[in-house]
2 protein chains.
Amino acid sequence: MDKTLNSSTEEKIYEAARRVFVSKGMEGARMQEIADEAGMNKALLHYYYRSKENLFKAVFKDIFTKFFRKIGTALLSEATVKEKLMLFIDEYVDLIQSNPYVPQFIINEINRDPLMLKSLMFESGIEPQKILFMFDKQANGETLKKIDPRHLVVSIIGMLVFPIVARPILQMIYFNDDQDVYNQFLTERKEIVKNMVLKIIEA
Amino acid sequence: MDKTLNSSTEEKIYEAARRVFVSKGMEGARMQEIADEAGMNKALLHYYYRSKENLFKAVFKDIFTKFFRKIGTALLSEATVKEKLMLFIDEYVDLIQSNPYVPQFIINEINRDPLMLKSLMFESGIEPQKILFMFDKQANGETLKKIDPRHLVVSIIGMLVFPIVARPILQMIYFNDDQDVYNQFLTERKEIVKNMVLKIIEA
DNA sequence: GTCTATATGGCGATAGAC
DNA sequence: GTCTATCGCCATATAGAC
């Protein structure tokens, strides 16, 4: 059952806007395209959301919040550092596999308007320091002797995000633009990154 | 001596366009801003380059080509795999430190218009497979027993690029938006990534 | 070659009929 | 609430004086 079939006009607009904004960005998106995608007239978007800026902010806030909450869950779980990291990789890979445009979208929009960050973190109730400090404390006492957890987390996310955002380039130079082979590359990558991380923290 | 002081009008336009395009992207850039940055009138840009698209392509082709050539040099050098990788990290860190906006710029523009890639690789004379195959061959016989060199290179670039492109977010949540501390974080990161890579390939 | 002034088109936003 | 028609602005691009 397609959820959008029975949804209200406002929900249809929101879903369409989400798709268009995420793939084209705030500047690249067109209100006309969102209207087409939602199967209605352009004027209706303004009737419900008054401006493109408003519509964008509604979409971006939700995406940003959900994405960061998801990151927190694995790191806040009750487990050893090693287990946490493996769980984190599992969940993060699934997250970006099913939302491949989101990481680049968030990075681009934050860089375009960095002032969004402060208000966004405040409004969304995200407390990243809580997550990171907790990770810090556990890590220091345990297996991670000489590794700064910040560097480790940055490395893991970078290893996972880069092949997604740079997909067109890598798919071209590695696999002669073969989409299926690249999907396989991404699939096997989860275990490979896990092994790399294990080597890093266990050495 | 500022090179732009004595350069021709066309060179001034090119340099200004490079700065604006790299930081704002093709869609975000404005011809007026490029003209202001070059210290001249908007009409002159069209006199020399005819269209925004033309000017952009001239800039993008150069940046793309130079960036990928630079990557190749380290991996094509005569050395062991380990030495190659360390040299590659050294050069790549320096490259993106002095061109922090370029990686995101390239990724964005390629994703916006993936068809650019084929013609670009052809025109620029880049042969990435040569580089990668060479790396493959050396790697297989040597220390990298169970590691796919493709995954390793993707991991390294991801580890290095991510803290640059996601800087506003990471600087905020890690260091309360302290710019100096984040610069230090980036500086120490070169050696940290080297150590991580060594653990990965030596385990 | 370099400027000012203007044409042209696209997009966000609004007015107003239904 | 939903549509058609249109306004007004801004950005690329061009015309034409100097």
Side-chain angles (χ1 to χ4, degrees), chain A residues 2-63 105 108-109 111-113 115-116, chain B residues 2-63 105 108-109 111-113 115-116:
Chain A
D2 190 345
K3 188 195 168 194
T4 57
L5 283 181
N6 294 332
S7 58
S8 69
T9 301
E10 186 169 353
E11 284 167 341
K12 279 184 201 159
I13 294 174
Y14 180 88
E15 293 300 327
R18 188 194 146 95
R19 285 193 292 274
V20 175
F21 276 134
V22 165
S23 70
K24 302 284 182 71
M26 165 66 183
E27 284 170 343
R30 295 289 166 257
M31 293 297 267
Q32 184 61 58
E33 187 180 355
I34 296 174
D36 294 345
E37 184 86 8
M40 65 186 63
N41 192 276
K42 209 175 54 170
L44 268 183
L45 310 193
H46 289 94
Y47 176 80
Y48 282 98
Y49 286 92
R50 221 186 67 234
S51 74
K52 182 184 181 182
E53 183 75 15
N54 262 349
L55 181 52
F56 172 78
K57 284 192 174 168
V59 168
F60 188 75
K61 182 183 170 181
D62 281 5
I63 291 179
F105 172 66
N108 279 332
E109 300 305 330
N111 277 311
R112 188 178 57 84
D113 181 12
L115 294 181
M116 270 197 305
Chain B
D2 188 347
K3 188 196 168 193
T4 56
L5 282 181
N6 293 333
S7 59
S8 70
T9 300
E10 187 168 353
E11 284 167 341
K12 279 184 201 160
I13 294 173
Y14 180 87
E15 294 300 327
R18 189 194 146 94
R19 286 192 292 275
V20 175
F21 276 134
V22 165
S23 69
K24 303 284 181 71
M26 164 67 182
E27 283 170 343
R30 296 290 166 256
M31 293 297 266
Q32 184 59 57
E33 187 180 355
I34 296 174
D36 293 345
E37 183 87 7
M40 67 186 60
N41 192 278
K42 212 174 49 173
L44 269 182
L45 310 193
H46 289 93
Y47 177 80
Y48 283 97
Y49 287 91
R50 221 185 70 232
S51 74
K52 181 184 181 182
E53 182 76 15
N54 261 351
L55 180 53
F56 171 78
K57 284 193 171 165
V59 168
F60 188 75
K61 181 182 171 183
D62 281 6
I63 291 179
F105 172 66
N108 279 333
E109 300 304 329
N111 276 310
R112 189 179 58 83
D113 181 13
L115 294 181
M116 270 197 305

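Sequence lines set the chain letters: A, B, ... in the order given, protein chains first and strands last, and positions in each chain run from 1.
In this structure, the NZ atom of Lys52(A) is 13 Å from the C1' atom of dC10(D), given to the nearest Å. With rounding to whole Å, Phe56(B) atom CZ is found 18 Å from dA11(D) atom P. Between Ile13(B) atom CD1 and dA13(D) atom C1' there is a gap of 14 Å when expressed in whole angstrom units.
Residue pairs meeting the salt bridge (charged side-chain N to carboxylate O under 4.0 Å, His left out) criterion with at least one partner in residues 28-41 of chain A, sequence neighbours excluded, are Arg19(A)-Glu37(A), Lys24(A)-Glu33(A). Within the structure, no pair that satisfies the side-chain hydrogen bond (donor to acceptor under 3.5 Å, both in side chains) test touches residues 47-56 of chain B, not counting sequence neighbours.
Asn41(B) and Ala35(B) make their closest contact through C-CB, 3.9 Å (heavy atoms, listed as atom of the first residue, atom of the second, distance).
Figure legend: Arg112(A) and Phe60(A) shown without cation-pi pairing, the cationic atom not lying both under 6.0 angstrom from the six-membered ring centre and within 45 degrees of its axis.
Residues of residues 31-46 of chain A that place a heavy atom closer than 4.0 Å to DNA chain D, in numerical order, are Met40(A), Asn41(A), Ala43(A), Leu44(A).
Residues forming a side-chain hydrogen bond (donor to acceptor under 3.5 Å, both in side chains) with Glu27(A) (at least two apart in sequence, or on another chain): none. Under the ring-ring contact (aromatic ring centres under 6.0 Å, His included) criterion, Tyr14(B) pairs with no residue at all, not counting sequence neighbours.
In this structure, CG on Leu55(A) lies 9.0 Å from CE on Met26(A), to the nearest 0.5 angstrom.
In summary, Lys12(A) and Glu15(A) do not engage in a salt bridge, as defined by a charged side-chain N under 4.0 Å from a carboxylate O.
Nucleotides of DNA chain C lying under 4.0 Å from heavy atoms of chain B occupy a range whose first and last members, 5' to 3', are dG1(C) to dT4(C).
Residue-level contact check: Tyr49(B) touches neither bases nor backbone, having no heavy atom under 4.0 Å from any strand. Heavy atoms of Tyr48(A) sit under 4.0 angstrom from primed sugar atoms or phosphate atoms, though from no base atom.
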